[in-house]
Amino acid sequence: MSSSVETLEFQAETRQLLRLVIHSIYSNKDIFLRELISNASDALDKLRLESLTDSGIGQVDTTDLQISLEVDKDARTLTVRDNGIGMSRDDLVELIGTIAKSGTAGLMEKIKQSKDAATAESLIGQFGVGFYSAFMVADKVTLHTRRAGTDTDTGTRWESDGEGAYTVQAVDGLPVGTSVTLHLKPADSEDDLADYLSESKIRQIVKQYSDFIRWPIRMVTERAEADGSASPGADTLNSMKALWARPRAEVTQDEYNEFYKQISHDWLDPAETVHMRAEGTFEYEALLFIPSQAPFDLFSRETKRGVQLYVKRVFIMDDCEALMPNYLRFVKGVVDAHDLSLNISREILQQDRQIRGVRRRLVKKVLGAIKKMQTDDGERYTKLWTQFGRVLKEGLLEDTDNTEALLELVSAASTHDPDKTTTLREYVERMKDGQEAIYYLTGENRATVENSPHMEAFAAKGYEVLILTDPVDEVWADQVPAFDGHPLRSIAKGQVDLDEPAEGDRSADQAKYEQDYAALLPWLTTALSEHVKQVRLSSRLTTSAACLVGDAHDMTPNLEKMYRAMGQELPGVKRTLELNPAHPLISALRTAHEANTDDPALAEIAEVIYGSALLAEGGELPDPARFTRLLTDRLAHTL
Ligand code: ADP
Ligand code: MG
């Protein structure tokens with residue numbers, strides 16, 4: 001028996017939405033299946049939940065609950081069927097015929113005013129087209145549904161071509177649940193419309209978008225249907241292993257590792273696993289991994305972030321940059337947020353306040369896990385730092401909210417121990433009485449830094465200096481104000497004031513030196529004005545004749561070089577030439593200058609001193625040929 005057919009109009013907003021959907025605002029049409037499977041999965045969840053709370057439904061054998069996909073090649077239909085909660089006629093009219101979501105009218109207005117398809121897509125993304133996405137691939141949709149807990153087997157048949165209206169009709173003999181039958185449009189590669197009758201295409205879409213749906217998704221083939229031998233189990237398309245949704249205590253490390261390999265395509269086990277669940281107003285689960293080896297393309301511009309976004313087990317997107325900052329791009333994993341639209345766009349995610357909150361929390365979790373590794377297992381941490389330290393240090397520039405936490409993680413070479421790196425915390429613990437700053441020197445490699453003239457006084461007086469040789473060190477060490485209240489100070493910059501004199505009482509000497517050199521210094525400043533901004537006496541040298549120092553906020557020569565290599569135009573930064581007054585060459589120069597201010601050799605010697613200081617710190621001479629000629633001429637004179 002079937003009753004009369006009622007024809008009903010879609011609500012005005014629904015009509016507009018349908019028009020948008022049909023006129024293909026979405027470039028990716030495959031997602032219709034994700035939407036329908038997601039609805040089916042929700043319906044199964046609801047049935048299970050109601051069976052636990054509402055006696056009207058009675059007992060439900062959850063092992064029977066499933067989603068099946070049925071292809072009829074002759075009829076050109078694809079049916080998505082579930083034995084979930086189902087809908088009553090009124091549910092159907094209300095849920096499918098109208099858009100109950102608030103703000104619909106305003107959104108439609110914005111979409112109409114949007115200038116291009118991308119904007120429209122992103123706007124609709126925050127809203128979600130859900131069920132209506134079926135009309136992207138079908139020119140007619142027929143739905144049969146019967147609400148669980150009804151006394152009779154009467155349900156409702158709904159049908160629409162997605163234009164202005166739909167029909168509803170009571171139908172007897174329906175099973176509990178919902179089936180959605182799509183009368184497929186012909187495949188059209190130009191319109192990105194795949195052949196959705198193809199079993200392999202369907203398998204691929206399910207694997208990509210719905211693999212972790214926790215109800216079985218089964219393929220019912222025509223063959224199996226024909227001989228009545230549908231063998232459930234054999235055709236399950238999805239793995240259902242939403243590991244992240246299981247309590248931590250129930251998951252073994254082996255399972256975590258397997259899962260990590262599946263999502264990362266890495267063949268090594270991860271170095272660290274972070275599994276968490278957030279409850280409250282914005283619920284989500286996160287399962288994150290720190291790989292044990294850096295990928296080869298970690299520093300290429302195209303490297304994507306490794307976190308996937310799911311909404312209630314449904315895959316939404318890869319490389320979700322809204323969930324992980326750039327400097328944690330090596331972190332892999334899954335975030336499953338419960339209260340987002342399936343069609344949420346990247347743009348909207350970036351602006352979402354709650355997503356930003358999730359990101360903050362995840363960053364803290366990841367940094368906390370690395371910190372814990374540092375405390376519990378120094379060896380593993382050191383390995384991790386070798387792999388990812390350079391990227392983590394980018395965080396010191398990008399993420400000022402976590403400066404302190406990141407500084408805790410920094411591991412650096414130091415003059416303290418030639419074979420071992422140190423943390424800043426360990427450095428601070430070793431600081432001398434009265435030492436305020438954390439001293440560091442940047443350079444191209446350990447040997448250059450260690451042998452740099454800047455190091456002399458620090459070595460003589462036993463001050464530990466960090467040896468920073470990563471290009472990024474130049475930048476963060478300069479920008480980070482302090483660690484644990486101790487400012488970071490480059491020993492190649494500013495004046496050095498190490499209280500404790502190295503040998504004898506230098507400060508009395510210093511005053512005398514200033515007097516002795518009162519005439520030479522201004523003369524040299526003028527003679528070398530092309531290269532330096534000032535010449536002064538040094539308190540950082542013990543053996544070298546001279547060195548170059550920058551002002552506290554000057555760019556280091558290395559950094560200048562880096563920026564130039566990247567094609568940036570920079571004004572040359574002139575530094576200060578510091579002279580060691582106790583050095584025989586410097587005192588001889590003074591004597592010669594006193595004897596004859598006009599001797600042309602003086603300026604040439606000054607230039608050689610400047611060039612040597614540049615070479616000693618590993619720098620490059622502006623005119624190597626000229627330097628060599630001056631030097632060999634001078635040497636020839638001495639023989
Ligand atoms: P959303 O899933 O975001 O609510 P949809 O357009 O996908 O939006 O679906 C609208 C509503 O229709 C759902 O919230 C649900 O109540 C109902 N619905 C859709 N598909 C089914 C189904 N297979 N079983 C039961 N209810 C369904
Ligand atoms: Mg939906």
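If you read the sequence from its start, that first residue is 1, and numbering goes on from there. Whatever order the structure lists them in is the order used to number ligands and atoms, beginning at 1.
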Report yes or no: does a heavy atom of M87 sit under 4.0 Å from some atom of ligand 1?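 Under 4.0 Å: yes for M87.
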Any ion pair linking R203 and E199 (charged N to carboxylate O, less than 4.0 Å)?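 Yes, charged N to carboxylate O under 4.0 Å.
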Could you check whether K201 pairs with D30 (Lys NZ or Arg NE/NH1/NH2 to Asp/Glu carboxylate O, under 4.0 Å)?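 Looking at K201 and D30, the cut-off is met.
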Output all residues satisfying ring-ring contact (aromatic ring centres under 6.0 Å, His included) with H275, sequence neighbours left out; order by chain, then residue number.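 For H275 the ring-ring contact (aromatic ring centres under 6.0 Å, His included) partners, ignoring immediate neighbours, are Y256.
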D91 and ligand 1 - part of the residue with a heavy-atom distance under 4.0 Å: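 None of D91 does.
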Can you list the protein N, O or S atoms less than 2.8 Å from the Mg ion (ligand 2)?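 Within the sphere that stays under 2.8 Å of the Mg ion (ligand 2), the protein atoms of type N, O or S are N39 OD1.
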Tell me, which pairs form a salt bridge (Lys or Arg N to Asp or Glu O under 4.0 Å) where one or both residues lie in residues 330-342, sequence neighbours left out?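 Those involving residues 330-342 are R313-D336.
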So for atom CD, which belongs to E279, do other residues, nucleotides or ligands contribute more than 12 heavy atoms lying within a distance under 6.0 Å?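 Correct, the count exceeds 12.
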Do any N/O atoms on N39 end up under 3.5 angstrom from N/O atoms on ligand 1?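 N/O-N/O distance below 3.5 Å exists for this pair.
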Quick check: D42 and ligand 1, any N/O pair under 3.5 Å apart?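 Between D42 and ligand 1, no N or O pair is found under 3.5 Å apart.
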Charged tip of R19 within 45° of F135 ring normal and under 6.0 Å: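 Output no; distance or angle outside limits.
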What residues, two or more places apart in sequence or in another chain, satisfy salt bridge (charged side-chain N to carboxylate O under 4.0 Å, His left out) together with R146?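 With neighbours one apart ignored, the set is empty.
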